[in-house]
Amino acid sequence: MDLPAGLIAALHNARSALVLTGAGMSAESGVPTFRDAQSGLWAKFRPEELATPEAFRDHPQIVWDWYAKRRENIQKVSPHAGYFALVEMEHYFETLLIVTQNVDGLHQRSGSTGVIELHGNIMHSICSVTGKGIENSWIKSNPGQPPASPHHPRGLARPAVVWFGEALPADSLNRAMSVARECDVCFSIGTSTLVQPAASLPFIALNAGAIVIEINPTPTPLSAVANFSLQATAVEALTAITSELSRGI
Ligand code: OAD
C-alpha cells in the first residue's frame, strides 16, 4: 500500500512510540473481533451474559465453557506478518511500548518484548474470591467446569481477564497513561476506540503533541483527529511501514 506523504519522515523524528492494539489486530490471525457486524463476538453473544462478574456468579459453567472455546481457538492460530512487523519496529525507536486490549497473548508469542495487557490474558486463571493466580497444572488436574479454587473454600477458577464493571490493573493503566503523555508517536491499531479507559490513550497522546497514526479499515471516533488515518488492515499497513523504514527513506 502507498503510505501518505510525511508519515515515514514523522517516524524518523520519533524516539519513543506507544502502540495501542485492539481485536482488529488479531483478526487476520483468525481471532474474531467484538463489534464487527456479522463476525464480531458481541454480534453473536450478549456481553452482559458472558463477560461480567454477575454472569459468572449466576452461570459459572456457561461462562467458563465460553472462555474455554475461545482459548482453544487462540491456541490454534498464529501471529500474522503485522505482529512481526511490530517486533521489527522495536529497532527503529528508543522505546516502543505495546498496550493491548487483547487477551490472546499473540504479541508475546510473536516476540514483542514490551507488552501491557490492559484486559488480562485468557490463558491464565485466577481465584474468583481472592484474585490470586491459579496454575494451569491445577486447572488440568482438577475436575469441574470451572474447577474449585485452591485459594479459597468458596472460590472458583475464572479467566484472568477484565470483565465489564471491573477495574483495570492500576499499575498497567497508570504506566500506559504516562507513556501516552510522553511518547513522540502513538499508533492505534484495530480498535473501535469505544471502550474506556483504553480508548482515551490516543487522544491523551494527541493532546500532548504526539503524532497519532490510526490503522483501521473502518472509521472510528479517532479517525477525524488522527494525524494519519490509514484505512487498511494491520498486515497491509504495518508491513508497508516497516518496509519503508527498513529502506531508510
Ligand atoms: P472491536 O471489535 O470493538 O473493534 C475492532 C476494530 O478492528 C473495528 O474498528 C474494526 O474495524 C477493526 N478491524 C477489523 N479487522 C481489522 C484488521 N484486519 N486490521 C485492522 N483493524 C481491523 O474491538 P476492540 O476495540 O478491541 O473488552 O474492543 C475493545 C474492548 O471491547 C475489548 O477489549 C473487549 C470488548 O468488549 C472487554 O471484554 C473488557
Side-chain angles (χ1 to χ4, degrees), residues 1 19-56 63 66-67 69-71 73-74 77-86 98-107 110 115-124 126 158-169 172-173 176 186-203 213-224 226 228-242:
M1 69 171 282
V19 179
L20 173 68
T21 64
M25 180 72 201
S26 306
E28 291 157 286
S29 283
V31 181
T33 66
F34 291 91
R35 289 175 188 82
D36 278 338
Q38 269 62 19
S39 60
L41 289 171
W42 296 157
K44 294 186 198 141
F45 306 100
R46 293 159 53 83
E48 59 276 11
E49 287 172 2
L50 291 162
T52 63
E54 296 74 25
F56 186 73
V63 174
W66 186 65
Y67 278 92
K69 278 205 199 70
R70 290 179 58 195
R71 255 188 211 147
N73 177 46
I74 288 166
V77 305
S78 302
H80 55 64
Y83 283 98
F84 299 109
L86 278 179
I98 295 174
V99 175
T100 189
Q101 299 166 86
N102 302 342
V103 295
D104 53 36
L106 287 176
H107 284 299
S110 65
V115 181
I116 286 182
E117 297 175 306
L118 277 183
H119 295 166
N121 188 308
I122 201 172
M123 297 300 167
H124 303 157
I126 54 175
R158 55 156 281 183
V161 298
V162 176
W163 281 331
F164 289 101
E166 293 186 323
L168 273 60
S172 301
L173 183 58
C186 173
F187 291 86
S188 183
I189 307 172
T191 179
S192 52
T193 323
L194 295 172
V195 177
Q196 296 295 348
S200 62
L201 290 170
F203 293 93
I213 301 169
E214 181 183 53
I215 297 173
N216 194 320
T218 311
T220 75
L222 180 66
S223 307
F228 300 95
S229 185
L230 309 183
Q231 292 207 351
T233 71
V235 169
E236 288 165 348
L238 289 169
T239 54
I241 290 171
T242 43

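Because the structure is predicted, anything quoted here is derived from the model rather than measured. Whatever order the structure lists ligands and atoms in, that order sets their numbers, starting from 1.
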- Query: Considering only heavy atoms from C-beta outward, does the side chain of V31 approach that of L106 to under 4.5 Å?
  - Reply: yes
- Counting only heavy atoms, which portion of A23 has something under 4.0 Å from ligand 1: side chain, backbone, both, or neither? both
- Task: Kindly indicate whether the side chain of L118, heavy atoms from C-beta on, has any atom under 4.5 Å from the side chain of V162.
- Result: no
- Message: Below a 4.0 angstrom heavy-atom separation, can you tell me which part of F164, side chain or backbone, both or neither, approaches ligand 1?
- Response: side chain
- Heavy-atom contacts with T218 under 4.0 Å: which atoms of ligand 1 show up? List them by number with element. 11 (O)
- Query: How would you list, by chain and number, every residue that makes a ring pair (Phe, Tyr, Trp, His ring centres under 6.0 Å) with H80, sequence neighbours excluded?
  - Reply: Y83
- Message: I'd like to know whether W163 forms a side-chain contact (heavy atoms from CB on, under 4.5 Å) with V63, so could you lay out the CA-CA distance, the side-chain angles of the two residues, the decisive distance to 0.1 Å, and finally the verdict.
- Response: CA-CA 11 Å; W163 281 331; V63 174; 3.9 Å; yes
- Message: I need the nearest protein heavy-atom contact for atom 25 (O) of ligand 1: residue, atom name and distance, please.
- Response: T191 OG1, 2.7 Å
- Contact region, Q101 to ligand 1, non-hydrogen atoms below 4.0 Å, reads both
- Message: Give me the residue, atom name and distance of the protein heavy atom closest to atom 19 (N) of ligand 1.
- Response: A234 N, 2.9 Å
- Task: Please assess I241 against L230 for the test side-chain contact (heavy atoms from CB on, under 4.5 Å), listing each intermediate value before the final yes or no.
- Result: CA-CA 11 Å; I241 290 171; L230 309 183; 4.2 Å; yes
- Which residues satisfy the ring pair (Phe, Tyr, Trp, His ring centres under 6.0 Å) test with F84, sequence neighbours excluded? none
- Message: Show me which atoms of ligand 1 lie under 4.0 Å from any heavy atom of V195.
- Response: 29 (C), 30 (C), 31 (O)
- Query: For atom 4 (O) of ligand 1, which candidate among P217, A199, S192 provides the closest heavy atom?
  - Reply: S192
- Item | Sidechain-backbone polar pair: S29 side chain, S78 backbone, donor-acceptor under 3.5 Å | yes
- Task: Give the numbers and elements of all ligand 1 atoms closer than 4.0 Å to a heavy atom of A27.
- Result: 15 (N)
- Query: Which residue supplies the protein heavy atom nearest to atom 14 (C) of ligand 1, what is that atom called, and how far is it?
  - Reply: D36 OD2, 3.4 Å
- Less than 4.5 Å apart, any side-chain heavy atom of M25 and any of L238? yes
- Message: Please report whether ligand 1 has a polar contact with H119, defined as an N or O pair separated by less than 3.5 Å (distance criterion only).
- Response: yes
- Which protein non-hydrogen atom lies closest to atom 11 (O) of ligand 1, naming both residue and atom, and how far is it? N216 OD1, 2.8 Å
- Query: At a 4.0 Å threshold, what atoms of ligand 1 neighbour a non-hydrogen atom of E28?
  - Reply: 17 (C), 18 (N), 19 (N)
- Message: Do V103 and Y67 make a side-chain contact, defined as non-hydrogen atoms from C-beta onward lying under 4.5 Å apart?
- Response: no
- Task: Under the side-chain contact (heavy atoms from CB on, under 4.5 Å) rule, what do H119 and V161 come out as? Steps first, then yes or no, please.
- Result: CA-CA 6 Å; H119 295 166; V161 298; 5.9 Å; no
- Note on the structure: for atom 39 (C) of ligand 1, nearest protein heavy atom and its distance come out as V162 O, 3.4 Å
- Hey, which atoms in ligand 1 end up nearer than 4.0 Å to a heavy atom of T33? 2 (O)
- Message: Checking S110 against L86 for the side-chain contact (heavy atoms from CB on, under 4.5 Å) test, could you report, in this order, the C-alpha distance in whole Å, the side-chain angles of both residues, the deciding distance, and whether it holds?
- Response: CA-CA 9 Å; S110 65; L86 278 179; over 6 Å; no
- Note on the structure: To atom 5 (C) of ligand 1, the nearest of G190, A198, G22 on a heavy-atom basis is G190
- Item | atom 28 (O) of ligand 1 - nearest protein heavy atom and its distance | R35 NH1, 3.0 Å
- Query: Nearest protein heavy-atom contact for atom 17 (C) of ligand 1: which residue, which atom, what distance?
  - Reply: G24 O, 3.3 Å
- Task: Apply side chain to side chain donor-acceptor pair (under 3.5 Å) to E214 and S188, showing your working.
- Result: CA-CA 5 Å; E214 181 183 53; S188 183; 5.0 Å; no
- Who's the nearest protein heavy-atom neighbour of atom 32 (C) of ligand 1, and how far? F34 CE1, 3.6 Å
